[in-house]
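Order of the sequence lines fixes the chain letters, A, B, ..., with proteins taken first and strands second; residue numbering starts at 1 for each chain.
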2 protein chains.
Amino acid sequence: MKKKAIINNSPACQTKMQAIRDAMSVLSGKWKFHILGTLIKGSKLGFMDLMREVDGIGSKMLSKELQDLEMNHLISRTVMNTKPVTVEYSITEYGKTLSPLIDALANWGIEYRQSVHGKEASGFCRS
Amino acid sequence: MKKKAIINNSPACQTKMQAIRDAMSVLSGKWKFHILGTLIKGSKLGFMDLMREVDGIGSKMLSKELQDLEMNHLISRTVMNTKPVTVEYSITEYGKTLSPLIDALANWGIEYRQSVHGKEASGFCRS
DNA sequence: CAGGATCCGGGGCGATACTG
DNA sequence: CAGTATCGCCCCGGATCCTG
């Protein structure tokens, strides 16, 4: 056997790598998970509600991320005909698919913070 | 009840949001999941092995991401004293903690691609 | 209230070349 | 082989102001 035993370039593996790329293309960005997480636990939120819940986000980024998520059918946007226009955002059935993933992420984050043992857990940085 | 019913600012929720932030601070970046996924299924990989497995990455980014991951104790780096220097990267026990998360991400990515029904699944983009 | 317009900096990320 | 050095693009993302 001359073959250098490339670890694993089986179709299944290639597919998995591709899958990660696909998921990342939809979920990348600083706020996607926060927004989705917020909408998953509390449906029917307005723009301002989200601004309050997703701590630190600005209106521009929120607007942008919401558009991305809507384009990928993870959330739905409904304009209400109220006095000053109001909009309701909610998670779609398809968006709920991400619930386990987000929970897993959050749970890992919790354990991570504990593993760093109280110290600031904002991740170590180069230099 | 005057309170506007802020959806959920319970401690548990704040914690979850913080957890997501923590996790993101460690896992953000274009290649982290790919590298981790690769190292989880095939331990003891060299730099070149990773270059081959993680399709599309350049040596600079690979080096950078590897440093990040090592700093957070998700992978371990071992310099072998061979002829031309060789390095072995492997996932740590703690890094394996991410296995379910990565699987969940990959699986979701697969379903996502199918849901887009064959069409290119690189995510929709604004204009 | 919901968001667009504009300005702007930093850095994520890539390509190429070079070293021990 | 395993990176580092250098260069530079682009776009993420924040601040501020403005509109219907």
Side-chain angles (χ1 to χ4, degrees), chain A residues 4-7 20-21 24-35 38-39 44-71 75-90 122-127, chain B residues 4-7 20-21 24-35 38-39 44-71 75-90 122-127:
Chain A
K4 252 203 88 212
I6 299 300
I7 283 64
I20 292 180
R21 246 187 302 279
M24 294 288 281
S25 73
V26 177
L27 301 172
S28 68
K30 193 176 178 179
W31 304 104
K32 299 256 165 60
F33 283 105
H34 297 258
I35 296 173
T38 304
L39 284 176
K44 300 289 179 191
L45 300 196
F47 196 85
M48 288 311 269
D49 295 322
L50 286 169
M51 287 279 282
R52 254 177 271 110
E53 298 284 326
V54 182
D55 191 71
I57 197 171
S59 69
K60 175 187 164 185
M61 288 313 296
L62 179 54
S63 174
K64 189 180 90 67
E65 300 287 64
L66 286 173
Q67 285 178 35
D68 287 348
L69 294 173
E70 189 195 0
M71 263 178 229
I75 66 174
S76 68
R77 196 185 104 113
T78 315
V79 180
M80 315 295 287
N81 49 356
T82 52
K83 273 238 309 180
V85 191
T86 299
V87 179
E88 277 185 359
Y89 289 97
S90 23
S122 296
F124 294 111
C125 305
R126 281 174 307 291
S127 85
Chain B
K4 255 205 86 209
I6 299 300
I7 285 60
I20 292 180
R21 247 187 302 278
M24 294 288 281
S25 74
V26 178
L27 302 171
S28 67
K30 193 175 178 180
W31 304 102
K32 300 258 164 58
F33 283 106
H34 296 260
I35 295 174
T38 303
L39 284 175
K44 301 289 180 191
L45 300 197
F47 196 84
M48 288 310 270
D49 294 323
L50 286 168
M51 287 279 282
R52 255 178 271 109
E53 297 284 325
V54 183
D55 192 70
I57 197 170
S59 68
K60 175 185 165 185
M61 288 313 297
L62 178 55
S63 174
K64 190 180 93 66
E65 300 288 64
L66 285 172
Q67 285 177 35
D68 287 348
L69 294 173
E70 189 194 2
M71 262 178 227
I75 66 174
S76 69
R77 197 186 102 115
T78 313
V79 180
M80 315 296 287
N81 50 355
T82 51
K83 273 240 310 179
V85 191
T86 300
V87 178
E88 277 185 359
Y89 289 97
S90 23
S122 296
F124 294 111
C125 305
R126 280 175 306 291
S127 79

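- Across the protein-nucleic acid pair, B:L62 atom CG and D:dT4 atom C1' stand 13 Å apart, rounded to whole Å.
- Counting to the nearest Å, the C1' atom of C:dA2 and the CD atom of A:E65 are 17 Å from each other.
- Of the candidate nucleotides D:dA2, C:dA2, C:dG14, C:dA2 has the atom nearest to the side chain of A:M48.
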Checklist entry - Can A:L39 and A:L69 be said to form a side-chain contact (heavy atoms from CB on, under 4.5 Å), step by step? => result CA-CA 11 Å; A:L39 284 176; A:L69 294 173; 5.8 Å; no
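- A close approach under 4.0 Å does not occur between any side-chain nitrogen or oxygen of B:Q67 and OP1 or OP2 of D:dG3.
- Between A:S63 and the phosphate of C:dG4, there is a side-chain N or O to OP1/OP2 separation shorter than 4.0 Å.
- For the pair A:I75 CD1 and C:dA2 P, the computed distance is 13 Å after rounding to whole Å.
- Taking side-chain N and O atoms only, B:T82 has no distance below 4.0 Å to OP1 or OP2 of D:dC1.
- Here the P atom of nucleotide D:dC9 and the NZ atom of B:K60 are 13 Å apart, to the nearest Å.
- Among the nucleotides C:dG4, D:dG3, C:dC13, the one closest to any side-chain atom of A:S59 is C:dG4.
- Using modelled atom types, no side-chain atom of A:S28 and backbone atom of A:V26 make a donor-acceptor pair closer than 3.5 Å.
- Atom NZ of B:K83 and atom C1' of D:dC1 are 11 Å apart (whole Å).
- At least one side-chain nitrogen or oxygen of B:Y89 sits closer than 4.0 Å to the OP1 or OP2 atom of D:dG3.
- Between C:dG14 and B:K30, a contact under 4.0 Å exists linking OP1 or OP2 to a side-chain N or O.
- Across B:M80 and B:V85, no two heavy atoms sit closer than the pair O-CG1, 4.1 Å.
- When the nucleotides D:dG13, D:dG8, C:dA2 are ranked by their closest atom to the side chain of A:M61, D:dG13 comes out on top.
- In plain terms, the two heavy atoms of A:I57 and A:M51 that are nearest each other are O-SD, 4.0 Å.
- The closest side-chain heavy-atom distance from A:R21 to B:H34 is below 4.5 Å.
- For the pair B:M51 CE and C:dT16 P, the interatomic distance rounds to 12 Å; values are reported in whole Å.
- If you measure from atom CD of A:E88 to atom P of C:dA2, you get 10 Å, rounded to the nearest angstrom.
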